[in-house]
Each structure stands twice: as structure tokens, then as C-alpha cells.
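So the structure is just underneath, and the comments pick up after that.
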There are 2 protein chains.
Amino acid sequence: MTPTFKIDHTNCADCPIRHRAVCAHCDADELEELEGIKYYRSFEAGQTIIWSGDQMNFVGSVVSGIASLTQTMEDGRTQMVGLLLPSDFVGRPGRDSAPYDVQATTDLVMCCFRKKPFEELMNTTPHIAHRLLQMTLDELDAAREWMLVLGRKTAREKIASLLSIIARRDASVGQRGSDGPIVFDLPLTREAMSDYLGLTLETVSRQISALKKDEVILLEGKRHVTIPDMGRLMEEAGDDSDGGFLV
Amino acid sequence: MTPTFKIDHTNCADCPIRHRAVCAHCDADELEELEGIKYYRSFEAGQTIIWSGDQMNFVGSVVSGIASLTQTMEDGRTQMVGLLLPSDFVGRPGRDSAPYDVQATTDLVMCCFRKKPFEELMNTTPHIAHRLLQMTLDELDAAREWMLVLGRKTAREKIASLLSIIARRDASVGQRGSDGPIVFDLPLTREAMSDYLGLTLETVSRQISALKKDEVILLEGKRHVTIPDMGRLMEEAGDDSDGGFLV
DNA sequence: GCTTCCACTTGATCTCTATCAAAGCATCTG
DNA sequence: CAGATGCTTTGATAGAGATCAAGTGGAAGC
């Protein structure tokens with residue numbers, strides 16, 4: 001349901017970026033110009049990539065690892081407002097400063113493009129502008145879906161919602177549509193989850209324990225999750241079985 | 001801080017649409033083509049314009065009145081995910097169906113464009129595509145700012161946040177930057193506010209009474225609000241005094 | 001004028017989640 | 001191995017907001 005542009009990845013083995021991203025590898029034919037302004041950056045877990053208010057002189061995609069967008073109040077309360085998984089786009093063409101902190105939640109590699117030349121390219125290449133609009137609409141959908149989670153769901157439903165997003169994005173590659181169990185490692189600390197869900201880390205821990213006790217999920221160690229029945233998890237999340245499209 | 005495109009409205013008296021919208025009036029020079037596919041629609045308060053999942057065969061701007069975007073869970077819990085004030089854009093170029101209900105919160109007039117021709121125009125007119133991207137980025141910023149409100153603010157802060165948005169968007173026209181009191185009529189019922197804020201209507205009512213008792217706001221009747229000190233209200237909202245850019 | 005209706009207010013109580021506090025359990029360090 | 005450190009779990013308690021239940025007040029209709 002997601003892909004707006006069908007990109008053929010068969011000749012693109014070393015490209016980690018999936019359909020939604022703007023990627024020099026995938027579009028080498030039409031976007032050779034990007035090669036010149038492209039560079040890679042690595043970050044360590046915990047590192048802040050951009051502070052809220054800073055100049056942001058690049059755009060880019062996540063290659064590997066996880067980044068988060070967070071907003072912070074003066075008194076220290078924080079809310080994660082976006083979770084960037086591999087292939088997700090970061091950047092605000094036409095804008096100068098970042099309205100939120102961007103942090104590396106795990107070790108992270110990004111594929112960046114200098115903003116100025118990227119914008120020029122965008123202005124002369126309708127294709128890119130169009131694709132960016134589609135990506136931004138996707139992000140907007142995800143943000144709005146998440147508003148329902150934050151505003152109206154219980155702690156237990158919030159956890160189930162988060163798990164089902166991560167399961168779908170992280171683990172389902174190669175398992176699409178299968179009914180079997182889904183297995184993955186949680187890429188977030190309990191604290192990061194609490195920042196995303198508008199909860200405290202204690203509540204996150206308690207609800208995860210409860211879902212485990214009720215066998216909605218199986219836990220090995222603290223991070224290794226097995227979901228025996230995805231449908232059951234989505235019921236717990238309060239989603240209709242159809243399944244959304246978050247983040 | 002908001003306008004990305006400076007449009008001169010001095011010769012545009014009958015155009016209700018402000019800087020952020022795509023508007024045939026304002027851009028008559030370059031967008032004459034739009035005239036042919038433009039039409040107006042009126043709705044009564046309470047009417048549903050689009051149901052979640054429906055085909056959405058137009059895009060458009062709010063001319064007068066207020067519309068809301070809401071998501072609903074199977075058990076009836078609802079969350080408003082967007083509030084559309086005059087000049088705001090509705091529509092998802094490139095998408096077929098709506099992911100949420102669109103409702104007229106007050107009597108409403110919209111300026112619509114048939115989607116197909118609008119999209120064709122968009123594909124051949126980089127200017128429009130570019131402007132749409134900017135508008136979508138604005139909406140994304142607003143949605144993310146609202147995630148902080150939903151996830152981390154107290155009921156009192158939520159109400160103050162909502163009042164300060166409405167005050168800035170609704171009443172400040174012609175009062176920009178002034179330090180004097182701000183006066184406006186609340187365009188939302190207590191229930192609509194509760195849907196927007198992730199609260200119950202009783203809590204909304206109690207917190208409004210509390211803000212009134214503490215003289216953060218003055219109330220005449222149930223809807224007529226005076227804000228004697230905007231700075232005070234924004235402190236109550238937990239915003240830094242700079243002031244955000246919501247909705 | 002009286003009734004009805006609707007949006008709103010206010011009160012009493014309950015419950016979920018936050019808060020405060022302590023302890024468990026890996027991994028790393030010396 | 002002992003100790004430190006970081007992430008996590010669990011327990012006890014408190015508090016913000018939900019829920020249930022009346023009641024108010026203004027506008028519309030008869």
C-alpha cells in the first residue's frame with residue numbers, strides 16, 4: 001500500500017534505501033547530478049545530530065540505525081515526534097533551521113546531500129519535488145496516526161501500537177503477509193519508548209511485562225521479541241485489523 | 001515567521017485566502033488555468049465532508065468557518081488530528097482516499113479544485129508543487145508540535161495551548177505584535193476542544209473555569225474570550241515566550 | 001409564559017499512570 | 001573477582017484526569 005514510486009531494486013544490491021527515499025543509487029540514470037553532492041556520515045548511539053534551532057545545511061536518508069526527532073520543553077519534559085528507520089528521509093527543503101532535536105538512537109549511518117545544491121536540483125527536477133511531497137504526506141499521515149495514539153490510547157495500547165509499528169517496519173522484510181511468528185530486536189531503550197509514547201519508563205516496563213505475562217509477546221532477555229500472533233497484537237493496539245502505515 | 005511566499009494581497013480584496021494557500025485569486029497571473037476547475041461548496045456546522053476511506057476527488061482551501069480532521073477508533077474514541085482555519089489547505093495530491101474524517105465544525109465555505117486537473121497542473125507547474133511542499137511541511141510542523149501537547153502537557157497547559165493558537169490565528173489579524181488584550185469568540189464547543197486535546201469535555205470545562213478564576217482569561221458567556229496578557233497565557237501553555245507556529 | 005433542548009458547569013468518586021524508592025542483572029573496568 | 005555503571009524490573013503511594021451523576025442557564029418552539 002505504501003510505494004508511490006515503483007523503483008526496481010534488483011540491480012541495486014548495495015543500496016540500503018527503500019522505495020520512499022530519494023537515493024542516488026536507485027536513480028542513477030536520472031539523478032547522476034546527486035553523486036557530486038552526496039556524502040556519508042556516521043554517528044554513535046546517543047549523539048545529537050542537530051539541535052533544535054540550529055542551521056540545517058543538509059538533507060538525507062537514514063542508511064542504517066535509528067534516529068529520532070524530539071521536542072523538549074523548558075522544564076525538561078520531552079516528546080519524540082518522529083522515529084527514523086532505514087530509508088526514511090530527514091530534512092526540510094526550503095527551511096533553514098530545525099524545529100526539533102535530531103538524535104542518533106543507535107549507531108547510525110546517514111546518506112547526506114548538501115542542502116543548497118539539492119534544492120536547486122529539486123527546483124529543476126519536478127520528479128524529485130513530487131517525490132518529496134509524497135514522502136512528506138506519508139510523514140504527515142504517520143504523525144496524525146500517532147496523535148491518536150498519544151491522545152486516546154491506554155498505556156497498554158500504546159505499547160502494542162509501538163511494537164506493531166516496529167514489527168512491521170523492522171522485521172517483516174522477507175516475511176510480508178506471512179501468518180507466522182515475527183521476531184526482532186527492540187532497537188529502543190525503555191526510556192526512548194517512553195519518550196515516544198508519552199509515558200514514563202516505569203509504565204513502559206510494567207506494560208511490557210504484562211503483555212509478556214499474557215503471552216501477547218514473548219521476551220528473551222530485555223530486547224529480543226517474538227510476536228506469536230500479529231493479529232492479536234493489533235487487537236491489543238486497538239487498530240482495526242486492516243493495519244495502518246505508521247512512520 | 002510563517003510566510004514562505006510573499007504574496008501581495010493589496011489588490012485582492014475579495015480573496016479570503018492568506019499566504020499559505022494556493023489561490024486562484026492571488027495568482028491570477030500565473031494560475032489562470034485554475035479558474036476553470038474551481039468551485040465553491042458550503043457546509044453546515046456538524047456536517048461530514050468526507051468519511052475516512054472515501055474517495056477524495058478534490059483539493060481546496062477553507063474560505064470561511066472551521067473544519068476538523070478526526071480519527072476514530074472502533075470503540076468510538078476520537079482524536080482530532082487537524083484544525084483547518086480559513087486559508088488552510090485540504091487535500092492529498094497523489095492520494096485517492098482520505099485517511100480521516102473531515103467535518104465542518106462551524107458553517108463552512110470551501111474553495112475546491114477538481115483533483116485530477118489540479119494534479120496535472122501541479123505536474124506541469126513546479127511553482128505549485130513547490131508551494132504545496134512548503135504547506136505540507138507547515139502542517140507536519142504543526143502536527144509534531146501538537147504531539148508534544150498531547151504527550152506531555154497537563155490539562156491546564158493543553159487548554160492554554162489551544163487558546164493561544166486560536167488567539168494567534170483567529171484574533172490577531174490586525175493586532176499583530178500588539179501588547180494589548182486579545183478578544184475573540186471560541187469557534188469550538190467544549191466537546192470539540194476535548195477531542196482536539198485528548199481530554200474529556202468535563203476536564204476542559206473545569207480547566208477553563210480555573211483559568212478564568214486565575215484571571216489568565218476573561219469569559220463573557222461561554223464563548224467570548226478576552227486574553228488580557230498573551231505572555232501570561234503562553235507561560236501557562238508551557239511554551240517559551242518566542243511562540244510557535246501551530247496549525 | 002412554559003417546556004424542551006442543548007451546551008455547559010459542578011460535585012463525588014474511582015482508576016490509571018506518575019512518582020518515589022529499592023533492587024536485579026548484565027556488561028565493562030581495573 | 002570486586003566494584004561500578006547502565007538498563008530494567010518491581011513495589012508502594014499519590015495525584016491528575018476519567019467517569020458517573022446532577023444541576024444551571026440560555027435560546028428556540030409551542
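A, B, ... follow the sequence lines: proteins, then strands. Residue 1 opens every chain.
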Problem set entry | Contacts of B:Ser97 that satisfy side chain to side chain contact (heavy atoms under 4.5 Å, CB included) - sequence neighbours left out | none
Exercise. Between the side-chain atoms of A:Glu202 and the base atoms of C:dC20, is any donor-acceptor pair under 3.5 Å?
Worked result: yes
For this session: Choose from D:dG17, C:dT17, C:dT9 the nucleotide whose nearest atom is closest to any side-chain atom of B:Arg190.
Result: C:dT9
Exercise. Taking CG from A:Leu186 and P from D:dC7, how many angstroms apart are they, rounded to a whole number?
Worked result: 15 Å
Problem set entry | Residue-phosphate contact under 4.0 Å: B:Ser205 side-chain N/O, C:dA7 OP1/OP2 | no
For this session: Take A:Thr154 and B:Ile208, find for each the nucleotide of DNA chain C with the closest heavy atom, and name the residue whose nucleotide sits nearer the 5' end.
Result: B:Ile208
Seminar exercise, completed: In whole angstroms, the gap separating C1' of D:dT24 from CG of B:Leu201 amounts to 15 Å
Exercise. Starting at NE2 of B:His224 and ending at P of D:dG26, how long is that distance when rounded to a whole Å?
Worked result: 16 Å
Exercise. Of all the choices, C:dT10, D:dT9, C:dC8, which nucleotide is nearest to the side chain of B:Arg223 once you look at every atom?
Worked result: C:dC8
Problem set entry | A:Thr189 side-chain proximity, nearest of C:dT10, D:dT8, D:dT19 | D:dT8
Exercise. Which nucleotide in the list D:dT8, C:dT17, D:dT19 gets nearest to the side chain of B:Arg206?
Worked result: D:dT19
Exercise. With a 4.0 Å cut-off on heavy atoms, is B:Gly198 in touch with a base, just the backbone sugar-phosphate, or nothing at all?
Worked result: sugar-phosphate
Problem set entry | Integer-rounded Å distance: D:dC7 P and A:Asp195 CG | 13 Å
For this session: Starting from C1' on C:dG24, measure out to CG on A:Leu219 and report it in whole angstrom.
Result: 16 Å
Problem set entry | 5' precedence on DNA chain D between A:Arg152 and A:Thr203 (nearest-nucleotide basis) | A:Thr203
Problem set entry | Nearest-angstrom distance from the residue atom CG of A:Asp185 to P of D:dT8 | 13 Å
Seminar exercise, completed: On a heavy-atom basis, the closest approach of B:Arg92 and B:Pro99 is NE-CD, 3.4 Å
Problem set entry | Nucleotide nearest A:Gln207 when distance is taken to its side chain, options C:dT17, C:dA7, D:dT19 | C:dT17
For this session: Side-chain contact test, heavy atoms from C-beta onward, threshold under 4.5 Å: evaluate it for B:Leu162 versus B:Leu197 and give yes or no.
Result: yes
Problem set entry | Over 12 non-hydrogen atoms of neighbours within 6.0 angstrom of CD in A:Glu191 | no
Exercise. Pick the nucleotide of DNA chain C nearest each of A:Arg156 and A:Lys222; which residue has the one closer to the 5' end?
Worked result: A:Arg156
For this session: Can you tell me the distance, in whole Å, between the NZ atom of A:Lys158 and the P atom of C:dT17?
Result: 8 Å
For this session: May I ask you to check if A:Arg223 and A:Phe184 form a cation-pi contact, with NZ or CZ under 6.0 angstrom from the six-membered ring centre and within 45° of the axis?
Result: no
Seminar exercise, completed: Among C:dT9, C:dC8, D:dG17, the one nearest any side-chain atom of B:Leu199 is D:dG17
Problem set entry | Distance below 4.0 Å between B:Thr200 side-chain N/O and D:dG17 OP1 or OP2 | no
